[in-house]
Amino acid sequence: MTTIEIHFLGGTIGYAGARDGEAVRLGGDALLAGVPGLDRLAVTLDVRAAAAPVPSASLTFDQLTRLAQEARWSCEAGTADAVVVVQGTDTLEESAYLLDLLWDRPEPVVLTGAMRNPTLAGADGPANLLAAVSVAADPAFRDLGALVVLADEVHSARWVRKVHTTRPHGFGSPDTGPLGVVIEGRPELLHRPASHRLTLRPTGPLTARVPVLTVGLDEDSAVVGALAAVADGLVVAALGGGHVPRPLAEPLGALAGELPVVLASRVGAGSILSSTYRSPGSETDLLGKGLLWSGFLGPAKARVLLIGALACSTDRVRLAETFAQASSMRMPA
Ligand code: GLU
């Protein structure tokens, strides 16, 4: 029998309304009891419930790295064959990518949640839980790192993004499509990712302060200095393929001499460019000034990667190598 360690952290899936101004949250056992068909899967569930379930906006790097360590011990000891993490969807993209970066084992780590809470008609939590457990139990989904399962789709943590604020189909992989699907309760792996997976081995806690500067039309260059004052690193969610207004180019270049500054795009899909445009504030200008290329990683994942990478080494050459590996599409030779 396959044993799945299932961690309940909180979020919409267990949000049962409010009483006296306080959220009422269902625990893991109550949520599992409401999943039709779960008893027909040949799995044993080892339920690990957070002492206090929280909205996913209040999860921390410390909590998630401890979860990864706990799951690693269970898999190493042979007491778990797969891991499921149930949390709110607001930060699920980031948690999934962090766990992917921390997970170098073959067992699947499957994240799920819900877009519609249990008080609403058409709550999607039970279907997502069932699909997530089915995928975790399926050997076809081993060696793929962390996966996100919602709306009967299986996404790679490396590519998935939250793409809608409210609809059940709130997650997508705009650049690749899903890795797999769940049909009539049966998981199907559609393709394996061509890009290699990067794993990190932090030597200390993930505590670096990395704000994201989302650049807008006519952005004031003073914001660069304001953020730099509180930052260990910066992610620039730039316009289009990686562009900023001319007045920001010099301050960002100067900052990149002091701190790691990552160039990403605010668009939501596609890679940033590397060699198309030449003008102050263009991608060639910013990369030439020392900003780090993030390829297809969006700003949220670039921030997670930088925080994780800074917990491994602050050496600038190593940071650049880490970003080059994470954003590369090709298996290393
Ligand atoms: N979607 C929210 C989350 O990501 C729900 C907030 C809540 O549970 O209070 O957790």
Side-chain angles (χ1 to χ4, degrees), residues 6-35 47-68 71 83-101 109-133 146-157 159-174 206 210-212 214 237 268 298-304 307:
I6 182 164
H7 294 255
F8 285 90
L9 304 182
T12 291
I13 196 165
Y15 186 84
R19 195 182 305 128
D20 302 330
E22 294 287 329
V24 176
R25 295 185 184 277
L26 303 178
D29 289 328
L31 289 173
L32 290 170
V35 181
V47 179
R48 311 282 172 105
V54 291
S56 70
S58 296
L59 292 173
T60 64
F61 278 91
D62 180 52
Q63 193 173 355
L64 292 164
T65 48
R66 279 191 282 113
L67 186 157
V83 180
V84 171
V85 179
V86 185
Q87 67 156 87
T89 57
D90 295 358
T91 59
L92 197 144
E93 173 184 341
E94 284 146 284
S95 305
Y97 189 50
L98 176 66
L99 294 177
D100 192 61
L101 289 170
V109 176
V110 179
L111 292 94
T112 194
M115 296 296 292
R116 294 175 64 77
N117 74 57
T119 69
L120 300 174
D124 54 334
N128 290 340
L129 265 178
L130 184 64
V133 172
L147 302 166
V148 169
V149 174
L150 276 100
D152 279 347
E153 290 183 349
V154 185
H155 296 271
S156 160
W159 293 98
V160 73
R161 299 196 187 202
K162 188 168 187 181
V163 294
H164 202 278
T165 53
T166 56
R167 290 186 190 148
H169 210 128
F171 285 77
S173 300
L206 280 67
V210 178
V212 175
T214 302
K301 282 194 246 299
R303 175 175 173 271
V304 168
I307 292 171

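These numbers come from the heavy atoms of this one structure, side chains and all, not from hydrogens, waters or symmetry mates. As the structure lists them, so they are numbered: ligands from 1, and atoms in each ligand from 1.
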Novice: Can you report which non-hydrogen protein atom sits closest to atom 4 (O) of ligand 1, along with the distance?
Specialist: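 So the nearest neighbour among protein heavy atoms is Ser56 OG, 2.5 Å.
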Novice: Between Lys301 and Val160 (side chain of the first, backbone of the second, donor and acceptor by atom type, cut-off under 3.5 Å), is there such a pair?
Specialist: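 It does hold such a pair.
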Novice: Please report which non-hydrogen protein atom sits nearest to atom 6 (C) of ligand 1, along with the residue it belongs to and the distance in Å to one decimal place.
Specialist: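 The closest heavy atom on the protein side is Pro55 CB, 3.7 Å.
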Novice: Determine whether Ser56 and Leu9 satisfy the following criterion, side chain to side chain contact (heavy atoms under 4.5 Å, CB included), listing intermediate values before the conclusion.
Specialist: CA-CA 8 Å; Ser56 70; Leu9 304 182; over 6 Å; no
Novice: With heavy atoms of Thr89 as the reference, note each atom of ligand 1 found under 4.0 Å away.
Specialist: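 With Thr89 as reference, the close atoms of ligand 1 come out as 1 (N), 3 (C), 4 (O).
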Novice: Under 3.5 Å, is there a donor-acceptor pair between the side chain of Arg161 and the main chain of Pro174?
Specialist: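 No, the answer is negative, given that no donor and acceptor are paired below the 3.5 Å cut-off.
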Novice: Any donor-acceptor pair under 3.5 Å linking the side chain of Asn128 with the backbone of Ala151?
Specialist: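 A pair under 3.5 Å: yes.
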Novice: Which ligand 1 atoms, with their elements, are less than 4.0 angstrom from a heavy-atom of Gly11?
Specialist: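 The atoms of ligand 1 under 4.0 Å from a heavy atom of Gly11 are 8 (O), 10 (O).
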Novice: Hey, which atoms in ligand 1 end up nearer than 4.0 Å to a heavy atom of Thr12?
Specialist: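 That gives atoms 1 (N), 2 (C), 5 (C), 8 (O) of ligand 1.
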Novice: Considering the heavy atoms of Asp90, write down every atom of ligand 1 situated less than 4.0 Å from one of them.
Specialist: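 Going through ligand 1 atom by atom, the ones under 4.0 Å from Asp90 are 1 (N), 2 (C), 3 (C), 4 (O).
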Novice: Regarding Asn117 and Thr119, do their side chains bring together a donor and an acceptor under 3.5 Å, going by distance alone?
Specialist: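 A pair is found: one side chain offers a donor N or O, the other an acceptor, under 3.5 Å apart.
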Novice: So, His169 versus Glu153: side-chain donor-acceptor pair below 3.5 Å or not?
Specialist: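 Yes, because at least one side-chain N or O of His169 sits under 3.5 Å from a partner of the opposite role on Glu153.
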Novice: Taking only non-hydrogen atoms of Arg25, do any sit less than 4.0 angstrom from ligand 1?
Specialist: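 For ligand 1, residue contact (heavy atoms, under 4.0 Å) with Arg25 is present.
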